[in-house]
Amino acid sequence: MSRHIVSIVGGKEAAATTTYESTNPARPSEIVARVGMADAGTFADACRTAKEAQREWARVPAPVRGRVIASIGRLVEANTERLARLVTEEIGKPYAEALGEVREIVDTCDFFLGEGRRLYGQTVPSEMPDKNLFTFRNPVGVAAVVTAGNFPVAVPSWYLVPALLCGNAVVWKPAEYAAASAHAMFQLFVAAGLPDGVLNVVFADGAETFRGLELALDEGSVNKVGFTGSSEVGRKIGELTGRHLQSACLELGGKNPMVIMPDADLDLAVEGALFSGFGTAGQRCTSLGTVIVHESVHDAFVERFARAVGEARIGDPTREVLAGPLLDQKFAERYEEYLTWIQPHHTVVSGNTGKITKDNPRGDFDGEGGLYYHPVVVDGVKPGDRLFMEETFGPIVGVTTFGTLDEAIELANLPGYGLSSSIYTTNPKNAFRFREGISAGMVSVNNSTSGAEAHLPFGGNGKSGNGSRQSGMWVLDQFTRWQAMNWDHSGRLQKAQMDVAEIVPDLDFRLP
Ligand code: UN1
């Protein structure tokens, strides 16, 4: 069923200048939605509208805003299957994973509905009598949120839910190739009773969005930018917001390492590598980049890993498969470029590479014309190789070896990303030394690099982000600003640091 959707600003449909067709990557000739694309002016208008609406929204008591978040959670839960089916149809995410993705929105609502009754500030003792000190969390104002389409609804909810709960208005620019999923989620949020203009959705391409953002920042109608996407675009957004004295919340790429110690449970490690390397067709920012395996277990690991990859089911994402197609043609093209980074000193241990077609089938699966790709394991990658150093969004995993844990940590940090990481070991000492040495924002022990829970801090360092953290209580620092208040009721001007009582100690006192 093909839909026609457009941006919604202030509760009204906004003008479109071009049309984009969002297609089903499993059957690219099938159009999921025709998307009216807006220009930079509409984006800036949306930010102005949001600024107007935000004033009233911030005056709604936080516990009442929390009730709205509760209703969003209920609405999403009641529409789980429909939303998950749409996600599967539009980006090819296997249905079981799509259900998990929708679950993550509900989890996020569950967490933040209670925050409406907390959103704590503090009372702090003053250094002077008859004076009281307080802290308050104030909403930042308008948040412009630009998200990727690999998690078309869960990751946006990490921004939207806390931003709204804290009393901000939002302009959301989802990925165009996931526009139908985004539009559906927008409708569910609005049905919970959000006043017009508090949440706006704008469909626009990258260039128009960037120009619109620049206009809005110049006008002072955006106070926080949230961005999930590539390190390259994240850097540009960081520069733009920096010029406006703002720090964006950036969730960028990863080259996530998995270290396998000689004492690891190898079968468990293989299972973890398979899921984090090839689940979601390797298209998570937390997907496995390089397996760094101890030289003594390298051969055994590679043999078992290659076998597991060979046996994994790739195919129709409405069925029980490990992975479906790539997200969209743009991603397929980029992925084909990563395949050209395979060099003569590498060994592909997983069989065929490239697009699954009649001439290049995977067993009896010929790809049915979809954007399906062979999962690829490349042994022998090393520092300096592009495959080792750069993110390769898609189903390709490198393997390299190490001698000591210190070497493994150095290899794991070398590409300069820092989102997720994992170590397989049965020795707690190794786990804690790895945790201390790894530059990633997230560390898994005996678990895959992907699949973070929704109430832990999520975010990266280095090329993976600017240190901002989403999720749980940590994200509150993105969407609120601390305000310090002092109230002197002494009836006189008491000067800090000067009019402070002094108690004189006898510092020469010694025990007999
Ligand atoms: C992403 O790909 O941008 O931890 C986020 C995970 C998911 C989120 C991935 N919950 O793998």
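Read the numbers this way: they start at 1 and go in the same order the structure lists the ligands and their atoms.
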Chemist: Name the orientation class of the two ring planes belonging to Y372 and F365 (parallel below 30°, tilted from 30 to 60°, perpendicular beyond 60°).
Modeler: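 Y372 and F365: perpendicular rings.
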Chemist: To the nearest 0.5 Å, tell me how far L160 CG sits from I69 CD1.
Modeler: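 Going from the CG atom of L160 to the CD1 atom of I69 covers 9.0 Å.
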Chemist: Looking at ligand 1, does Q283 have a heavy atom less than 4.0 Å from it?
Modeler: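 The answer is no: ligand 1 sits nowhere under 4.0 Å from a heavy atom of Q283.
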Chemist: So which protein heavy atom does atom 6 (C) of ligand 1 come closest to, and at what separation?
Modeler: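 Here the closest protein heavy atom is G451 N, 3.1 Å.
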Chemist: Against heavy atoms of N150, which atoms of ligand 1 measure under 4.0 Å?
Modeler: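 That gives atoms 1 (C), 2 (O) of ligand 1.
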Chemist: In terms of residue, atom name and distance, what is the protein heavy atom nearest to atom 9 (C) of ligand 1?
Modeler: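 Atom 9 (C) of ligand 1 sits closest to the protein heavy atom F151 CE1, 3.5 Å.
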Chemist: If you take the centroid of each ring, where Trp contributes its six-membered ring, are W172 and F186 closer together than 6.0 Å?
Modeler: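 Centroid distance F186-W172: not below 6.0 Å, so no.
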Chemist: Do you know which of V397, I342, T392, D385 makes side-chain contact (heavy atoms from CB on, under 4.5 Å) with V378?
Modeler: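 Going through the options one by one, the only one that passes is I342.
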Chemist: Number the atoms of ligand 1 from 1 as they appear, then name those within less than 4.0 Å of a heavy atom of S450, with their elements.
Modeler: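 Listed by number with element, the hits are 11 (O).
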Chemist: If you count the atoms of ligand 1 from 1 in the order shown, which ones are under 4.0 Å from a heavy atom of F458?
Modeler: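 Listed by number with element: 4 (O), 5 (C).
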Chemist: Short list, please: which atoms of ligand 1 are under 4.0 Å from a heavy atom of W158?
Modeler: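 In order of number, 8 (C).
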Chemist: Ring centres under 6.0 Å, that's the criterion: do Y20 and F203 meet it?
Modeler: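 Distance test on ring centres: not under 6.0 Å, no.
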Chemist: Working to the nearest 0.5 angstrom, can you tell me the gap between I423 CD1 and M261 CE?
Modeler: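 If we round to the nearest 0.5 Å, I423:CD1 and M261:CE are 5.5 Å apart.
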Chemist: With atoms numbered from 1 as shown, which atoms in ligand 1 lie under 4.0 angstrom from a non-hydrogen atom of R284?
Modeler: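 Taking each heavy atom of R284 in turn, ligand 1 has 2 (O), 6 (C), 7 (C), 11 (O) under 4.0 Å.
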Chemist: If we only consider heavy atoms of E453, is any one of them less than 4.0 Å away from an atom in ligand 1?
Modeler: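 Per 4.0 Å heavy-atom rule, E453 does not contact ligand 1.
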Chemist: Identify, for atom 4 (O) of ligand 1, the protein heavy atom at the shortest distance, and state residue, atom and that distance.
Modeler: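 Nearest neighbour among protein heavy atoms for atom 4 (O) of ligand 1, to 0.1 Å: A452 N, 2.7 Å.
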Chemist: Return the closest protein heavy atom for atom 11 (O) of ligand 1 as residue, atom name and distance.
Modeler: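 Looking at atom 11 (O) of ligand 1, the protein heavy atom closest to it is T286 OG1, 2.6 Å.
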Chemist: Within the 4.0 Å heavy-atom shell around E251, which atoms of ligand 1 are there?
Modeler: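 Checking each atom against E251, I get 3 (O).
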Chemist: Is a donor on one side and an acceptor on the other found under 3.5 Å between the side chain of K355 and the backbone of A332?
Modeler: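 Not at all, since once roles are kept as given, no pair shorter than 3.5 Å links the two residues.
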Chemist: Can R34 and E21 be counted as an ion pair, charged N to O under 4.0 angstrom?
Modeler: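 Looking at E21 together with R34, the answer is yes, because their closest N to O distance falls below 4.0 Å.
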Chemist: Do E436 and R433 meet the salt-bridge criterion of a basic N to acidic O distance under 4.0 Å?
Modeler: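 Result for this pair is no, no salt bridge flagged.
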Chemist: Which heavy atom of the protein is the closest neighbour of atom 2 (O) of ligand 1, given with residue, atom name and distance?
Modeler: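 Among all protein heavy atoms, the one nearest atom 2 (O) of ligand 1 is C285 N, 2.8 Å.
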